[in-house]
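A short write-up of the structure that comes next.
Throughout, a chain's letter reflects where its sequence line sits, starting with A, and its residues are numbered from 1.
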Amino acid sequence: MPDSNGKRVSGKIVEVEAYRGPEDRASHAYGGRRTKRTETMYRTGGVAYVYFVYGMYYQFNVVSNVGDVPHAILVRALEPVEGIETMRERRHSHPDHNLTNGPGKLCIAMGIDRQLDGADLLGDRVWIEEYESVSTRRIAKGPRIGIDYAEAWIDKPWRFWIKNNSYVSR
DNA sequence: CAAGTGATTAGC
DNA sequence: CTAATCACTTGC
């Protein structure tokens with residue numbers, strides 16, 4: 001995405017989690033919950049779902065299904081590609097591998113906030129484009145993070161990351 | 001390991 | 001209206 005000076009700030013997605021609509025206890029849309037916040041997830045795929053948690057962090061998701069089916073992919077970590085100086089300023093003086101290796105951190109580094117909630121991911125405010133292909137052998141999977149309340153859904157292996165990539169979150 | 005932070009939600 | 005919760009990060 002462009003920064004305030006029009007320069008590009010970008011990263012390769014190296015870690016994601018899937019959140020599966022009404023039946024997934026861990027999802028904000030569990031049970032079909034449809035509120036002002038979750039409304040974005042019910043849109044047709046290809047838009048951003050951005051929300052605020054823990055009083056200080058944003059999370060960036062990609063809405064991923066047809067309209068009225070609230071599925072989304074949480075982007076948990078990026079490997080910085082462009083605009084790394086901007087990221088360093090925003091995350092002041094953290095080592096580079098710590099710039100974007102978590103869902104809240106990457107939003108700070110990229111400059112993502114609520115204004116991007118519902119943004120078209122093929123638009124010009126924020127977008128996703130093809131960068132390089134990753135063979136399935138290099139992708140690992142495991143349980144999701146931070147959803148201890150999700151009961152039977154806790155152990156679903158819906159977190160995916162690129163093996164041996166140092167920008168994957170802890 | 002625990003606190004911090006405030007929007008969001010559910011429950012009166 | 002009020003209280004509890006939270007798809008996290010940082011600094012003890």
Using whole Å, report how far [atom1] of [X] lies from [atom2] of [N].
X: A/D148; N: C/dC8; atom1: CG; atom2: C1'; value: 13 Å
X: A/R25; N: C/dA7; atom1: CZ; atom2: P; value: 10 Å
X: A/H94; N: C/dC8; atom1: NE2; atom2: C1'; value: 13 Å
X: A/H28; N: C/dC8; atom1: NE2; atom2: C1'; value: 12 Å
X: A/H97; N: C/dT9; atom1: NE2; atom2: C1'; value: 14 Å
X: A/R159; N: C/dA7; atom1: CZ; atom2: C1'; value: 12 Å
X: A/R91; N: C/dC8; atom1: CZ; atom2: P; value: 15 Å
X: A/L99; N: C/dT9; atom1: CG; atom2: P; value: 13 Å

Taking the six-membered ring for Trp, are A/H28 and A/Y51 parallel (under 30°), tilted (30 to 60°) or perpendicular (over 60°)?
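A/H28 vs A/Y51 ring planes: perpendicular.
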Tell me, for nucleotides 3-12 of chain B in 5' to 3' order, what letter each nucleotide earns: B for a base near a protein heavy atom under 4.0 Å, S for only sugar-phosphate near one, - for neither?
-BBBSSSS--
Could you measure the distance from the CD1 atom of A/I13 to the CD atom of A/E79? Nearest 0.5 Å is fine.
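Going from CD1 on A/I13 over to CD on A/E79, the span is 12.0 Å.
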Are the side chain of A/R25 and the backbone of A/W153 linked by a donor-acceptor contact shorter than 3.5 Å?
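Such a contact is absent between A/R25 side chain and A/W153 backbone.
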With no hydrogens and no angle check, is any side-chain donor or acceptor of A/N5 less than 3.5 Å from a backbone partner on A/K7?
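Not confirmed, A/N5 side chain does not pair with A/K7 backbone.
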Name the pairing partner of C/dG11, where a pair is Watson-Crick or G-U wobble with both distances under 3.5 Å, or state none.
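Per the H-bond distance test, B/dC1.
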State, with a plain yes or no, whether a side-chain heavy atom of A/E17 is found less than 4.5 Å away from one of A/F160.
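No. Closest side-chain heavy atoms not under 4.5 Å.
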Within the structure shown, what part of the strands sits under 4.0 Å from A/L74 by heavy-atom distance: base, sugar-phosphate, or nothing?
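The residue A/L74 makes base contact.
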Is A/E17 touching bases, backbone alone, or none of the nucleic acid, heavy atoms closer than 4.0 Å?
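The answer is nothing, as A/E17 stays clear of every strand by at least 4.0 Å.
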Before accepting this row, confirm whether a basic side-chain N of the pair A/R90/A/D3 lies closer than 4.0 Å to the acidic partner's carboxylate O.
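So A/R90 does not pair with A/D3 through a salt bridge.
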Whether over 12 other heavy atoms sit under 6.0 Å from A/Y149 OH:
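More than 12 within 6.0 Å, yes.
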Would one find a side-chain N or O of A/R170 under 4.0 angstrom from OP1 or OP2 of C/dT9?
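Checking A/R170 against C/dT9: no side-chain N or O falls below 4.0 Å of OP1 or OP2.
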